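Accompanying notes for the structure given below.
Please read these numbers as outputs of a predicted model, since none were measured by experiment.
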Amino acid sequence: MSRSLDPQRRVALLHAGQQVLASKGAGKATIDDITQAAGVAKGTFYLYFNSKADLIKALRADFAEQIGNALREHMEGNAHRDWQAEARNLLRLAVDEYLQIAPSYSAVLDCASSEADDTSWERSITAVIADFLQAAKAQHACAVEDPEVAAVFLFHGINGVCHHALHAASGTSDDSEDAWDSERVTAAIEPFVVTLFHDERR
């Protein structure tokens, strides 16, 4: 009979892994460090994850899911009457969420940038973007021919700029004109995003 796994124990391991990876870095952090921080035996770790890489993959998925959920909740609360305005709102929300959450996930996101073959973690976000594009297209309010491909393109563009901003922020002061804050990032990306949409009432 298989042993029942405790979801809260998995959450505790993820939380401990996030903290240890943030303090030590993905290269130096060990499974012993993570289980010690979680207060569990090393063998318990392997009930939930196959390896440290597996834990890192799960943390990336957790990061993306938080942003994806925020975007989907926003979409469900709006009727999409003004598609350009709604695209601006979603972009601002995505950038704000990324720059707010990402610092505690920086170690696993740095790993993601060097593991191009792992794209599964992105789907929580790209699926929401694709749904938004498809809804706009159905109302003849979007110039995109393939929402799924366009969603991946938009994700990687926005993710790349936000990832750069995350690292640039650590080397600039809050009042510096060179600071890569949410407002600057959103303002720079917005013109490229809104051109994809038009008012279907025209």
[atom1] of [X] to [atom2] of [Y]: how many Å apart, nearest 0.5 Å?
{"X": "Thr195", "Y": "Glu190", "atom1": "OG1", "atom2": "CD", "result": "10.5 Å"}
{"X": "Arg92", "Y": "Thr186", "atom1": "CZ", "atom2": "OG1", "result": "5.0 Å"}
{"X": "Gln100", "Y": "Ser182", "atom1": "CD", "atom2": "OG", "result": "9.5 Å"}
{"X": "Ser106", "Y": "Gln18", "atom1": "OG", "atom2": "CD", "result": "9.5 Å"}
{"X": "Glu65", "Y": "Ile67", "atom1": "CD", "atom2": "CD1", "result": "11.5 Å"}
{"X": "Ile129", "Y": "Leu90", "atom1": "CD1", "atom2": "CG", "result": "9.0 Å"}

Item to check | CA sep, side-chain torsions, deciding dist, call: Ile125, Glu122, side chain to side chain contact (heavy atoms under 4.5 Å, CB included) | outcome: CA-CA 6 Å; Ile125 300 174; Glu122 305 167 1; 5.9 Å; no

Does one hydrophobic cluster hold both [X] and [Y], with members joined at side-chain heavy-atom distances below 4.5 Å?
{"X": "Tyr46", "Y": "Leu13", "value": "yes"}
{"X": "Val128", "Y": "Leu196", "value": "yes"}
{"X": "Val194", "Y": "Leu154", "value": "no"}
{"X": "Ile158", "Y": "Val152", "value": "no"}
{"X": "Leu55", "Y": "Leu5", "value": "yes"}

Next on the checklist: Quick one about Ser51 and Asp54 (side-chain donor to acceptor, distance below 3.5 Å, no hydrogens or angles considered), yes or no?
Outcome noted: no

Item to check | Donor + acceptor pair across side chains of Asn69, Glu73 (<3.5 Å) | outcome: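 No, because no side-chain N or O of Asn69 sits under 3.5 Å from a partner of the opposite role on Glu73.
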
Which atom of [X] lies closest to which atom of [Y], heavy atoms considered:
{"X": "Ala85", "Y": "Asp82", "value": "N-OD1, 3.1 Å"}
{"X": "Leu21", "Y": "Ala26", "value": "CD2-CA, 3.6 Å"}
{"X": "Leu59", "Y": "Gly17", "value": "CD1-C, 4.1 Å"}
{"X": "Ala87", "Y": "Val193", "value": "CB-CG1, 4.1 Å"}
{"X": "Ala130", "Y": "Pro147", "value": "O-CB, 3.7 Å"}
{"X": "Thr126", "Y": "Ala151", "value": "O-CB, 3.4 Å"}

Checklist entry - Is the Phe197-Phe132 ring centre distance short of 6.0 angstrom? => result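 Centroid separation for Phe197 and Phe132: below 6.0 Å.
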
Checklist entry - Given the rule in the side chain to side chain contact (heavy atoms under 4.5 Å, CB included) test, do Thr30 and Lys52 qualify, once you have shown the distances and angles that lead to the verdict? => result CA-CA 7 Å; Thr30 66; Lys52 184 176 73 173; over 6 Å; no

Item to check | Pairs meeting criterion salt bridge (charged side-chain N to carboxylate O under 4.0 Å, His left out) with involvement of residues 129-145, two or more places apart | outcome: Arg72-Asp131

Under 4.5 Å between any side-chain heavy atoms of [X] and [Y], yes or no?
{"X": "Tyr98", "Y": "Asn159", "answer": "yes"}
{"X": "His164", "Y": "Val161", "answer": "no"}
{"X": "Thr44", "Y": "Tyr48", "answer": "yes"}
{"X": "Asn89", "Y": "Glu86", "answer": "yes"}

Checklist entry - Taking the six-membered ring for Trp, are Phe49 and Phe45 parallel (under 30°), tilted (30 to 60°) or perpendicular (over 60°)? => result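 The arrangement is tilted - the two ring planes meet at 30° to 60°.
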
Checklist entry - What class does the angle between the rings of Trp121 and Phe155 fall in, given that below 30° is parallel, 30 to 60° is tilted and above 60° is perpendicular? => result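 Taking Phe155 first and then Trp121, their aromatic rings stand perpendicular (interplane angle over 60°).
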
Checklist entry - Do other residues, nucleotides or ligands put more than 12 heavy atoms under 6.0 Å from the CD atom of Glu148? => result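 No - once you tally the heavy atoms of other residues, nucleotides and ligands closer than 6.0 Å, there are 12 at most.
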
Checklist entry - Which residue, Leu14, Val40, Leu47, forms the side-chain contact (heavy atoms from CB on, under 4.5 Å) with Arg9? => result Val40

